[in-house]
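Note sheet for the following structure.
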2 protein chains.
Amino acid sequence: MVNQKSLKRFLQYRLSLIKFQRLGFEKVFSYNLGKDVGVTAEQVRKDFSMFGLKGSKRGGYDIKYLLKTIDEIFKRNGERQVIIIGMGNIGQALCNYQGFKENNIIIVAGFDLDPAKYSKKYAIPVHSTDKMEEVIKKNSIRTAIIAVPEFAGQEVCDQLVSLGIKGILNFSPVNLKVPEDIVVNYVNLRNELESLFYYT
Amino acid sequence: MVNQKSLKRFLQYRLSLIKFQRLGFEKVFSYNLGKDVGVTAEQVRKDFSMFGLKGSKRGGYDIKYLLKTIDEIFKRNGERQVIIIGMGNIGQALCNYQGFKENNIIIVAGFDLDPAKYSKKYAIPVHSTDKMEEVIKKNSIRTAIIAVPEFAGQEVCDQLVSLGIKGILNFSPVNLKVPEDIVVNYVNLRNELESLFYYT
DNA sequence: ATTTTTTTGTTCCAAATTTCACAATAATTG
DNA sequence: CAATTATTGTGAAATTTGGAACAAAAAAAT
Ligand SMILES: NC(=O)c1ccc[n+]([C@@H]2O[C@H](COP(=O)([O-])OP(=O)(O)OC[C@H]3O[C@@H](n4cnc5c(N)ncnc54)[C@H](O)[C@@H]3O)[C@@H](O)[C@H]2O)c1
Ligand SMILES: NC(=O)c1ccc[n+]([C@@H]2O[C@H](COP(=O)([O-])OP(=O)(O)OC[C@H]3O[C@@H](n4cnc5c(N)ncnc54)[C@H](O)[C@@H]3O)[C@@H](O)[C@H]2O)c1
């Protein structure tokens, strides 16, 4: 299995590379990237080496080439579709975010139990959860965002897994029990905020 | 410096402990907590030992005592005030979230450059960024959430630091340059989602 | 009261991750 | 074109993190 941390660093490298490219650079050195992203130059080189990205000694790395390869790693050229379960605060914030479309990520639809959410006022169509199977199958969707309250997290997760979802971004503060081959990324906003109060 | 990961696990332990308490339990064993939170029992004991939390051999840990001590670690009994800079999608989602108030976290105010955001329709007062200093000083605020676009992240961060903020939750996809004594927690939603496409 | 069982607390061990160190080599300089 | 310099790529060392193992102690059983 691939190193999760390295994987997320690549997305930071990508942002940084685009920044350098906009500034007119064609090459970068490991320490340029490292400094901008907040890791050591050695870390950058190790990450690159792990995914087989090559630079030229003394000449550094070619930005275009790096971007192209990173794009391949994250399948940026294919369709990258995702659905959201739970169209409350978080679900709405995500579907209004422009940065996904700009980065080739399509939020196909939202799902909710509450009929009040099936309105036209959202950036994406919102359906009853009964329709999940249909939408997932029709679009061959493999990735989903769980943004339902804590008590519903595991239940929704089980549904998603049974419908063939392989990758989950989970906002509910629950440790999800999933089969081996399912990848879950956790975002626990309350913990991220609250842990700051330890220091302050 | 304290182990960041351990710190965040404590908040998960806390949630789990409350769950057990609601179910009528007064004691837990390390493996109960571990199973629920998704870590090993050894990890739980190690974490507890690191913060000086004591259990009784064969009797396990007293839930009330654990909760009380964890509450102290995160200063749950004092005022836990925070401000949000950037009242766009994320800023609004956060200020509408009930779970903060329920957990003794008060979002005192929001700040934005855009006057269209200074309306009464939000759950918290929203001011011009000019007012940041006044609000921070008056309430002795030490914790802030950055929810502005990428290009403004570092600038806002510098302002906050100069106004005495010590802990930052940063949603903008930038590596913030901060003095040693400032703690930053990063939430990069796009990376969390996009990294899933590596697998799917 | 003694033995057995169970669980903590901690030391030791293993795995994963990061940093160091340096040979290899490409670019630059003289 | 030889010497110098800068930077990559990677194997070894160091660090960090998590897991295993087990003695110590408390509870339960006999
Ligand atoms: N909003 C935040 O700032 C914030 C902060 C910390 C944690 N969270 C967590 O993120 C998650 C979402 O938060 P939110 O503020 O968006 O919640 P919310 O209550 O605003 O929205 C949840 C939505 O899920 C829907 N829902 C409930 N059960 C469902 C089910 N079984 N299937 C489909 N839809 C269902 C509800 O109808 C509602 O629309 C929660 O687990 C919350 O704990 C949110
Ligand atoms: N919304 C999402 O789902 C999402 C997903 C991934 C990343 N992000 C990141 O989170 C951050 C916030 O996202 P969003 O969708 O809420 O953005 P948004 O554009 O909806 O809101 C940003 C707000 O910040 C304000 N602002 C800009 N410069 C400011 C300044 N210097 N001082 C004060 N206010 C300022 C703007 O007026 C706007 O109201 C961004 O950095 C974005 O990249 C958001």
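A, B, ... follow the sequence lines: proteins, then strands. Residue 1 opens every chain.
- Straight-line distance from the NZ atom of A:Lys54 to the P atom of C:dA24: 15 Å, rounded to whole Å.
- Each of B:Asn3 and A:Gly59 has a nearest nucleotide on DNA chain D; the 5'-most of these lies closest to A:Gly59.
- Rounding to whole angstrom units, NZ of residue B:Lys5 and C1' of D:dT15 are separated by 13 Å.
- Rounding to whole angstrom units, CZ of residue B:Phe29 and C1' of D:dA27 are separated by 10 Å.
- Map A:Gln43 and A:Ser56 each onto its nearest nucleotide of DNA chain C; the residue landing nearer the 5' end is A:Gln43.
- Phosphate contact (OP1/OP2 of C:dT8, side-chain N/O of B:Ser30, threshold under 4.0 Å): present.
- Taking the six-membered ring where tryptophan is involved, the planes of B:His127 and B:Phe111 are tilted, since the angle between them lies from 30° to 60°.
- As judged by a 4.0 angstrom heavy-atom cut-off over every strand, B:Tyr31 is placed among residues touching the sugar-phosphate backbone only.
- Taking every side-chain heavy atom of B:Lys46 into account, C:dC12 is the closest of C:dC12, C:dT28, C:dT8.
- Counting any heavy atom pair closer than 4.0 Å across all strands shown, B:Tyr61 reaches sugar-phosphate atoms only and no base atom.
- Under 3.5 Å, the side chain of B:Arg58 and the base of D:dA27 form at least one donor-acceptor pair of N or O atoms.
- Spacing between atom CG of A:Leu33 and atom P of D:dT7 amounts to 13 Å, rounded to whole angstrom units.
- When the options A:Arg14, A:Gln12, A:Arg9 are evaluated for a side chain to side chain donor-acceptor pair (under 3.5 Å) with B:Asn191, the one that passes is A:Gln12.
- When distances run from any side-chain atom of A:Glu42 to the nucleotides C:dC20, D:dA28, D:dT17, the shortest one goes to C:dC20.
- The distance between atom CE of B:Met50 and atom P of C:dT11, rounded to the nearest whole Å, is 14 Å.
- Rounded to an integer number of Å, the gap from CG of A:Asp62 to P of D:dT7 is 16 Å.
- OP1 or OP2 of D:dG18 lies within a sub-4.0 Å distance of a side-chain N or O belonging to B:Arg9.
- Checking C:dT8, C:dC20, C:dA27 against every side-chain atom of B:Lys57, the shortest atom distance belongs to C:dT8.
- As a whole-Å value, the separation of A:Phe48 CZ from D:dT8 P is 10 Å.
- Crowding of A:Tyr65 atom OH: a count of heavy atoms from other residues, nucleotides or ligands under 6.0 Å exceeding 12.
- Taking the ring centroids of A:Phe10 and A:Phe48, they lie under the 6.0 Å cut-off.
- In this structure, A:Thr40 reaches the C:dT19 phosphate: one of its side-chain N or O atoms is under 4.0 Å from OP1 or OP2.
- Put simply, the side chain of A:Val183 does not reach to within 4.5 Å of the side chain of A:Lys166, judged on heavy atoms.
- Judged by atom type and distance alone, B:Arg45 does not reach the base of C:dT7 through any side-chain donor-acceptor pair under 3.5 Å.
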